[in-house]
Amino acid sequence: MNKACFLSIVSAVLAGSFFVSAASCGSARMNGSDTLKINTTDFTEDIIGYNGPTPVEITVVKGVITDIEALPNREGPRFLQTVLASGLLEKLNGLTLKEAKAVTLDAVSGATFTSTALIKNIQAGLEDGGAYQKSIKVITEATVKQGKVKGVVERGLGTFKAIPFAEAPVGNLRWKAPVPKKPWQGVYAATEFGGMPPQQVRTWPGAPAPKVSEDCLYLNIQTPAESAKEALPVLVWIHGGGFITGDANSNDGAKFAKQGIVYVSLSYRTGALGFLSLPELSAENERGISGNYGLLDMIEGLKWVKENIAAFGGDPAKVTIMGESAGAIAVSMLCASPLAKGLFRGAISESGGSFCPVDAVRVDNNGIRDVKGSEQYGLDWMKRVGVSSLAELRETPWETLVSDAQSGGVGGFWPTVDGYVLPDDQYKMYEAGNYNDVNVLIGTNSDEGAMFCRPTELKKYQADIRAEYGPFAERMLQLYPAKTDEETFGALSDIFRETAFAWPTWAWAVLQQKTGKGKVYMYYFDQFDANRPMFGGPNAPKPRGANHASELQYVFASPWGRPFEGGDKAVSDAMNTYWGNFVKTGDPNGEGLADWPVYKDGENTVMLFKNGTSLIATPNKPQLQVMEDYFAWKRQQPIR
């Protein structure tokens with residue numbers, strides 16, 4: 001079976017941890033006149049296995065069942081493999097739907113929960129027989145600038161996968177600005193997901209390796225529109241992954257689409273292929289710069305959306321961009337880039353912003369390189385991968401280019417302040433009112449630095465703080481105290497939370513509040529299970545708050561396991577609706593929701609998501625203030 005789900009990926013700043021979503025596909029469709037595919041996802045959401053829904057797809061050819069496939073789910077490869085090895089899913093092959101209904105299927109020993117859920121899904125699919133499909137009249141064919149495109153119905157939505165917006169960035173197009181996609185002949189079949197951008201890939205044991213390809217400049221669309229005349233609001237998702245990992249297939253936008261929104265997810269180049277700077281690359285560029293190819297990909301994708309989204313029932317004047325982690329940082333950068341002016345009317349940033357000073361080096365996440373600094377980083381990287389020239393680099397397999405471990409962590413490949421895509425220090429640009437002034441919904445999580453930190457020796461922690469923070473070291477040690485090696489974990493986690501996520505978000509809000517007209521809505525996410533270890537098994541530290549990316553399952557209303565209940569459901573319902581309202585109107589407020597005021601620093605205007613909703617003042621204000629003072633000081637220091 002073809003890949004049939006949007007993967008739910010926790011897109012971290014450094015790397016992605018993969019969680020596969022079961023709530024991902026359509027219901028039933030005809031492939032020509034002889035083949036019927038019955039997908040049970042939409043009408044069996046209440047059928048739960050051990051960890052969540054377990055849908056199936058039943059293929060019927062000329063009235064006879066030829067295949068039953070378990071769609072991606074969270075039951076775990078071991079349980080699913082046990083079911084597959086039992087032959088359960090082949091027992092109905094060769095039978096008509098009527099004959100199959102009369103067959104009794106038995107649960108599989110060793111995988112009772114999983115197999116029982118699969119059996120119930122099969123029975124529901126046989127009973128439906130494709131009837132659900134008949135009521136769906138959404139757009140599945142469209143004409144775009146490049147030609148005709150055909151999608152499929154999935155989850156009751158017109159679904160188009162991997163529509164290319166630019167030529168494949170290979171050969172001489174490696175490390176070049178994206179080239180708009182040329183017209184194609186015939187009808188483009190947008191029915192299969194595209195490959196992930198080249199990156200180091202990790203998968204669960206027993207799970208198939210995902211497709212990876214340099215031909216990665218595409219977007220996916222889910223539309224509820226029945227007609228191109230509907231002019232629905234548009235949400236463009238930009239994935240996270242530290243500008244190193246991730247892909248556009250990472251989150252299912254069905255819950256947004258079913259609110260009357262056209263959902264688009266956009267792919268861009270990552271890592272060395274997306275953000276490499278070199279003197280040779282700068283020399284061949286008319287502006288004498290290099291890097292930022294991934295950001296240019298995003299801008300080209302947004303241009304394609306503006307030109308073509310009306311064909312899918314979307315309104316090009318009502319586009320909101322949204323991202324998490326590196327995707328949120330990219331959203332922040334797009335809000336500053338003059339090249340993105342007029343391409344969107346609103347922005348949602350979950351855990352990200354780009355307001356740190358410009359420097360030649362990056363320590364943790366507290367700076368952004370200039371061109372010379374990025375070029376030097378690129379030269380050092382080139383030595384590590386054993387390549388001596390740009391010509392040789394363009395001939396080198398991508399697998400070699402992503403193999404360097406040092407560039408795969410904090411301080412790795414990153415966008416560059418190049419004077420063109422990113423004209424200057426973004427903090428200074430916002431001080432001067434020089435940015436794309438749109439309404440924004442921005443926020444952070446309560447303990448998201450924990451994902452990136454580990455405890456260290458107390459003496460080393462204190463020495464590192466004094467070396468990096470200079471005249472602010474004593475304030476830092478007071479606000480981020482640690483008396484033992486073990487306590488350094490919490491201190492380091494909170495510092496990372498502030499430098500990478502909370503301070504840039506707060507700076508964004510305060511600066512736009514002072515110099516802009518666009519409204520700012522700020523949130524703080526603190527929903528977590530205090531009894532569930534963060535990582536490393538049952539003896540690992542228990543969380544003190546909500547970890548990085550943990551809000552995604554709530555925002556997308558797609559739980560990473562069993563369905564939400566109680567406080568989790570209240571938070572998810574609120575977030576998904578607030579976000580949807582913001583996309584529709586530029587204001588998260590709406591009927592049945594607690595009032596969310598425009599942000600005002602020092603007042604209770606931050607929306608707290610914790611077992612429901614409430615309003616609080618800006619959290620961790622003393623810590624944010626020392627970061628503000630530190631970065632102001634650092635901005636006055638010479639570039640290293």
Practice task
Could you please spell out the steps behind the side-chain contact (heavy atoms from CB on, under 4.5 Å) verdict for I309 and V262?
Solution key: CA-CA 8 Å; I309 203 63; V262 178; 3.9 Å; yes

Handout entry: Stepwise side-chain contact (heavy atoms from CB on, under 4.5 Å) test for V149 and V187
Key = CA-CA 5 Å; V149 61; V187 180; 5.8 Å; no

Practice task
Could you check Q553 against S558 for side-chain contact (heavy atoms from CB on, under 4.5 Å), going step by step and ending with a plain yes or no?
Solution key: CA-CA 5 Å; Q553 59 180 321; S558 181; 5.7 Å; no

Exercise for the section: Give the C-alpha distance, both sets of side-chain angles, the deciding distance and a yes or no for side-chain contact (heavy atoms from CB on, under 4.5 Å) between L219 and V236. Expected result: CA-CA 9 Å; L219 41 79; V236 179; over 6 Å; no

Exercise for the section: Would you sort out whether E154 and K37 count as a salt bridge (charged side-chain N to carboxylate O under 4.0 Å, His left out), showing the intermediate values? Expected result: CA-CA 11 Å; E154 291 189 354; K37 287 185 178 287; over 6 Å; no

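A228 and A311 get closest at one heavy-atom pair: CB-O, 3.9 Å. In plain terms, the two heavy atoms of P197 and D247 that are nearest each other are CD-CB, 3.9 Å. Minimum interatomic distance between S267 and C216 (heavy atoms only, all atoms of both residues): OG-O, 2.5 Å. The nearest pair of heavy atoms linking G246 to M196 is O-CE, 4.4 Å. Nearest heavy atom pair, residue T499 against residue C356, reads O-SG, 4.1 Å. For the residue pair R269 and L173, the shortest heavy atom distance occurs at NH1-O, 3.7 Å.
Under a cut-off of 6.0 angstrom, the local environment of CD in Q637 is crowded, with over 12 non-hydrogen atoms contributed by other residues, nucleotides or ligands.
Under the 6.0 Å distance and 45° angle rule, R369 counts as a cation-pi partner of Y377. A cation-pi arrangement is present between R362 and W414, with the terminal nitrogen or guanidinium carbon under 6.0 Å from the aromatic centre and inside a 45° cone about the axis.
At a threshold of 4.5 Å between non-hydrogen side-chain atoms, the residues R394 and L390 count as touching. Side-chain contact between T59 and T35 is present, with heavy atoms from C-beta onward closer than 4.5 Å. Side-chain atoms of D425 and R635, non-hydrogen and from C-beta on, do get closer than 4.5 Å to each other. The side-chain heavy atoms of V421 and T416, taken from C-beta on, include no pair separated by under 4.5 Å. In this structure the side chain of M382 reaches within 4.5 angstrom of the side chain of L278, judged on heavy atoms. Using a 4.5 Å cut-off on side-chain heavy atoms (C-beta onward), M333 and V331 make no contact. Annotation: side chain of L393 is in contact with side chain of L401 (closest heavy-atom distance under 4.5 Å). Side-chain atoms of N220 and V264, non-hydrogen and from C-beta on, never get closer than 4.5 Å to each other.
At a cut-off of 3.5 Å, with distance as the only test, no side-chain donor of W175 or E280 sits close to an acceptor on the other residue. In summary, the side chains of D252 and Q222 do present a donor paired with an acceptor at a separation below 3.5 Å, with no hydrogens or angles considered. For the 3.5 Å distance criterion, the side chains of N547 and S550 fail to qualify, holding no donor opposite an acceptor. In this model, a donor atom of one side chain and an acceptor atom of the other lie less than 3.5 Å apart for Q146 and W304. For the residue pair K148/T143, the side-chain donor-acceptor check at 3.5 Å is not satisfied. A side-chain donor from one of H548 and S325 sits under 3.5 Å from a side-chain acceptor of the other. Of the N and O atoms on the side chains of E375 and S277, not one donor lies less than 3.5 Å from an acceptor on the other residue.
For the side chain to side chain contact (heavy atoms under 4.5 Å, CB included) with T320, the qualifying choice from V234, V440, V438, I348 is I348, the only one to do so. No option in Y630, F631, W508, F355 other than F631 meets the ring pair (Phe, Tyr, Trp, His ring centres under 6.0 Å) test with W503.
With ring centers used as reference points, F275 lies 6.0 Å or more from Y293. Close placement of the W237 and F556 rings is indicated, their centers lying within 6.0 Å of each other. Between Y218 and F165, a ring centre-to-centre spacing not shorter than 6.0 Å is recorded.
Using modelled atom types, no side-chain atom of N285 and backbone atom of S290 make a donor-acceptor pair closer than 3.5 Å. Judged purely by atom type and a 3.5 angstrom limit, D424 has no side-chain atom pairing as donor or acceptor with the backbone of M429. Checking side-chain atoms of K181 against main-chain N and O of I163 turns up no donor-acceptor pair under 3.5 Å. Using modelled atom types, one side-chain atom of N308 and one backbone atom of K145 make a donor-acceptor pair closer than 3.5 Å. Side chain of S213 to main chain of D215: a donor-acceptor pair is present (N/O by atom type, distance under 3.5 Å, no hydrogens or angles). Counting only distance, with no hydrogens or angles, the side chain of S332 and the backbone of S354 share a donor-acceptor pair below 3.5 Å. At distances below 3.5 Å, not a single donor-acceptor pair connects side-chain atoms of E399 with backbone N or O atoms of P397. Checking side-chain atoms of N292 against main-chain N and O of L295 turns up no donor-acceptor pair under 3.5 Å. Remark: side-chain polar atoms of T270 are paired, donor with acceptor, to backbone N or O of I244 under 3.5 angstrom. Looking at E350, its side chain never comes within 3.5 Å of a backbone N or O of A328 through a donor-acceptor pair.
Here the CD atom belonging to E395 is positioned 12.5 Å from the OG1 atom belonging to T400, to the nearest 0.5 angstrom. How far CD1 of I221 is from CZ of F160: 7.0 Å, rounded to the nearest 0.5 Å. In this structure, CG on D359 lies 5.0 Å from NZ on K634, to the nearest 0.5 angstrom. Rounded to the nearest 0.5 angstrom, M298 CE and L343 CG are separated by 13.5 Å. The OG1 atom of T140 sits 11.0 Å away from atom CZ of F312, with the distance rounded to the nearest 0.5 Å. Here NZ of K176 is found 9.0 Å from CG of L281. Values are rounded to the nearest 0.5 Å.
Using a 30° and 60° split on the angle between ring planes, F501 and F452 fall in the tilted class, from 30° to 60°.
Using a 4.0 Å cut-off between charged nitrogen and carboxylate oxygen, E141 and K150 count as a salt-bridge pair. The residues R174 and E392 are annotated as not salt-bridged, no charged nitrogen and carboxylate oxygen being separated by less than 4.0 angstrom. Salt-bridge formation is not detected for the pair K211/E192: no Lys NZ or Arg NE/NH1/NH2 atom is positioned less than 4.0 Å from an Asp or Glu carboxylate oxygen. Look at K460 and D464 and you find a salt bridge, because one of the NZ, NE, NH1 or NH2 atoms lies within 4.0 Å of a carboxylate O, short of that distance.
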